[in-house]
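Take a look at the structure below.
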Amino acid sequence: MQNELTLYNTLSRSKEKFTPINSGMAGMYVCGPTVYSDVHLGNCRTFISFDLIYRYLLHLGFKVRYVRNITDAGHLEGDRDEGDDKFTKKAKLEQLEPMEIVQKYTLGFHDVMREFNALPPSIEPTATGHICEQIEMIKEIIANGYAYEKNGTVYFDVEKYNKEFSYGQLTNRKLEELLEGTRELGGQDEKNGRLDFALWIVAKPETLMKWLSPWGWGFPGWHIECSAMSSKYLGDTFDIHGGGMDLQATHHTNEIAQSQACNHKAPVNYWMHTNMLTVNGVRMSKSAGNGFLPGELFTGNHALLEKGYSPMAVRFFMMQTHYRSTLDFSNEALQASEKGYARLMNAIKLLDKLKTADTSTSNIADLKQKCYDAMNDDFNAPVLVANLFEGARIINSVNDSKETITADDLATLKSMMHSFVFDVLGLKSEQSNSGNDTALKGVMEVILDIRKDAKERKDFAASDKLRNDLAKYKITIKDTKDGVTWSIEE
RNA sequence: GGUCCUGUGGCCGAGCGGUUAGGCAGAGCUCUGCAAAAGCUCCUACAGCGGUUCAAAUCCGCUCGGGACCUCCA
């Protein structure tokens, strides 16, 4: 669509024109959640950012295969490749089977994504469903000489790999620098090198989630699942790999090393990283204990929240910040978004009621182009939103007969507003269902009729009482030139 | 200690060499019985100090803040 899509590639640290491997198609892999606890809002931001990217690629007409995994195995608590995996630990805590933990939090994750109106990915593979692929990949890496086995655990040999490839390329660091920042190996460590990481981890007698491998019973290391599943579904080299910025230095660095060591090819053309959500300037994270659960945000049931915010208000809040900038949470900012979102949606509702004229006072084609320019510039949603507000302004002005619009321009404006707001930004109307209730509609008609009579008699005390009483039930009455309207606030 | 990012009006947040970003809040006006909504107008900022340039929020240097990663985290 008008001009080309560019995106910021972490590999080159610059914006690049997006050229897919296969014309008209796009393969995208995004690191999904580890389902051992509830997703917090910070996690959601990443997935909502990539939902925007997915939606825009679809809007541009790309045939997109979007793969987002579910990590449901392995993933140790520390960096020492020992102890329980996160699922076993949580299972013991909640007295459930590990797979019950997985099921519980996977369902919770899907519920939250649905609330945020995030499209489901094309494929959502699980680590436990791809143990064979991971074992095969590890075997290949060992065969190629980049990994070694010690007592049932397989380690990736980072220093050997670095002799031929650049291990720190994603974060622009040299191996010597990385080694300096790592602690010395303790006496009990069996790894050869300080930076070596586990591909496969030996099971202990009490380990609950384990599989039989050529190296005995064990479970996969965290990084190998993404390498195995991305190459299975998208090929040895694919277009876009995304994830949160916190995964860049370790997880994605190791993914590149694994895939390169296995397939002798760079796995990804464009690496995209989304920035963190912060609270009072500090990153929201599970370990910092400053995260909210989406449910707490919707209900307002949290010490930091003054009130509840609807999923769409929150989504809109996120869309007003670029995905590579940190987004700082605050009640004030969220309330501003809530109002701005309502303003935008109200304008869209007016689109169907506008009267057309022989001339247009605004350049709609130009505005539409600006929307594309914003999104083509590394998915700049905040600028898109600014342009959509310009659209809202035009709609309101035409509605007030302060400006005019031709039928053709109105059709363009309408399709532009709808496709960008609903399809690309992924917003949806939060109109209460009760508004469609025929009984309620009837009652409102009767009430408004009574009020109309009162107003005609200049009995404003009576008409105001009706309006104020209805307000208690969050029903808003507006007297406009063309008559009375009513709506229910969520 | 190392690798980076960042500091924009009351708040959030784009811009990254020459234009009013935008939203919210605030003030005034128009419309209205009033209210709400909407429109118009106003509030015109870029941490500090130097430098480059015809021109800097935007590039360079220094100073002072804030943050991330280097250890599990989206």
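When reading the values below, keep in mind they use all heavy atoms of this one structure, side chains included, and skip hydrogens, waters and symmetry mates. This is a predicted model, so every value here is computed, not measured. Residue numbers start from 1 in every chain, and the chains themselves are labelled A, B, ... in the order their sequence lines are given, proteins ahead of strands.
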RNA chain B nearest-nucleotide lookup for A/Arg451 and A/Ser285: closer to the 5′ end is A/Arg451
Considering heavy-atom distances to RNA chain B, does A/His40 or A/Arg13 have its closest nucleotide positioned more toward the 5' end? A/Arg13
Does [N] have its OP1 or OP2 closer than 4.0 Å to a side-chain nitrogen or oxygen of [X]?
| X | N | answer |
| --- | --- | --- |
| A/Arg393 | B/rC40 | yes |
| A/Asn396 | B/rA38 | no |
| A/Arg343 | B/rG39 | yes |
| A/Asn172 | B/rC4 | yes |
| A/Lys339 | B/rA25 | yes |
| A/Asn275 | B/rA68 | no |
| A/Ser325 | B/rU6 | no |

Check: B/rA35 base within 3.5 Å donor-acceptor of A/Arg467 side chain: yes
Side-chain donor/acceptor of A/Asp464 to base of B/rG33, under 3.5 Å: yes
So if I take every side-chain heavy atom of [X] and compare against [options], which nucleotide ends up nearest?
| X | options | answer |
| --- | --- | --- |
| A/Glu332 | B/rG15, B/rG23, B/rG10 | B/rG10 |
| A/Leu277 | B/rA74, B/rG2, B/rC12 | B/rA74 |
| A/Leu327 | B/rG13, B/rC69, B/rG23 | B/rG13 |
| A/Phe389 | B/rC72, B/rG13, B/rG22 | B/rG22 |
| A/His322 | B/rC12, B/rA14, B/rG39 | B/rA14 |
| A/Arg283 | B/rC69, B/rG23, B/rA21 | B/rC69 |
| A/Ser463 | B/rG33, B/rA36, B/rG13 | B/rG33 |

Rounded to the nearest Å, what distance is computed from the [atom1] atom of residue [X] to the [atom2] atom of nucleotide [N]?
| X | N | atom1 | atom2 | result |
| --- | --- | --- | --- | --- |
| A/Lys458 | B/rU32 | NZ | C1' | 11 Å |
| A/Lys452 | B/rC34 | NZ | P | 20 Å |
| A/Phe292 | B/rA74 | CZ | C1' | 16 Å |
| A/Gln335 | B/rC24 | CD | P | 13 Å |
| A/Ile477 | B/rA36 | CD1 | C1' | 11 Å |
| A/Asn380 | B/rG15 | CG | C1' | 9 Å |
| A/Leu170 | B/rC70 | CG | C1' | 14 Å |
| A/His251 | B/rC69 | NE2 | C1' | 16 Å |

NA contact type, [X], heavy-atom cut-off 4.0 Å: base, sugar-phosphate, or nothing?
| X | result |
| --- | --- |
| A/Arg173 | base |
| A/Ala333 | sugar-phosphate |
| A/Asp479 | base |
| A/Val282 | sugar-phosphate |
| A/Met284 | base |
| A/Leu344 | nothing |
| A/Gly42 | base |
| A/Lys174 | nothing |
| A/Asn387 | nothing |
| A/Leu350 | nothing |
| A/Lys478 | base |

A/Phe298 ring center within less than 6.0 Å of A/Phe116 ring center: yes
Taking the ring of A/Tyr233 and the ring of A/Phe238, is the distance between their centroids below 6.0 Å? no
Taking [M] as the reference, what is the distance to [N] when you measure between their [atom1] atoms (whole Å, please)?
| N | M | atom1 | result |
| --- | --- | --- | --- |
| B/rG50 | B/rA56 | C1' | 14 Å |
| B/rA14 | B/rA45 | C1' | 13 Å |
| B/rG66 | B/rU8 | P | 13 Å |
| B/rC40 | B/rG33 | P | 23 Å |
| B/rA25 | B/rC62 | C1' | 37 Å |
| B/rC64 | B/rG22 | P | 36 Å |
| B/rA47 | B/rA21 | P | 15 Å |
| B/rG23 | B/rC72 | C1' | 37 Å |

Taking [X] first and then [Y], would you say they form a salt bridge - that is, a charged N and a carboxylate O separated by under 4.0 Å?
| X | Y | result |
| --- | --- | --- |
| A/Lys452 | A/Glu445 | no |
| A/Lys370 | A/Glu390 | no |
| A/Glu403 | A/Arg393 | yes |
| A/Asp464 | A/Arg467 | yes |
| A/Lys455 | A/Asp459 | no |

Can you tell me the Watson-Crick or wobble partner of [N], both distances under 3.5 angstrom?
| N | result |
| --- | --- |
| B/rU52 | none |
| B/rG1 | B/rC70 |
| B/rC40 | B/rG28 |
| B/rG7 | B/rC64 |
| B/rG33 | none |

Over 60° means perpendicular and under 30° means parallel, so tell me whether A/His241 and A/His252 are parallel, tilted or perpendicular. perpendicular
Kindly assign one of parallel, tilted or perpendicular to the pair A/Phe422 and A/His418, based on the angle between their ring planes and the thresholds 30° and 60°. tilted
Tell me whether the NZ or CZ atom of A/Arg68 lies within the 45° cone about the ring axis of A/Tyr29 and under 6.0 Å from its centre. no
Does the side-chain ring of A/Phe460 lie flat on the base of B/rG33, meaning centres under 5.5 Å and planes less than 30 degrees apart? yes
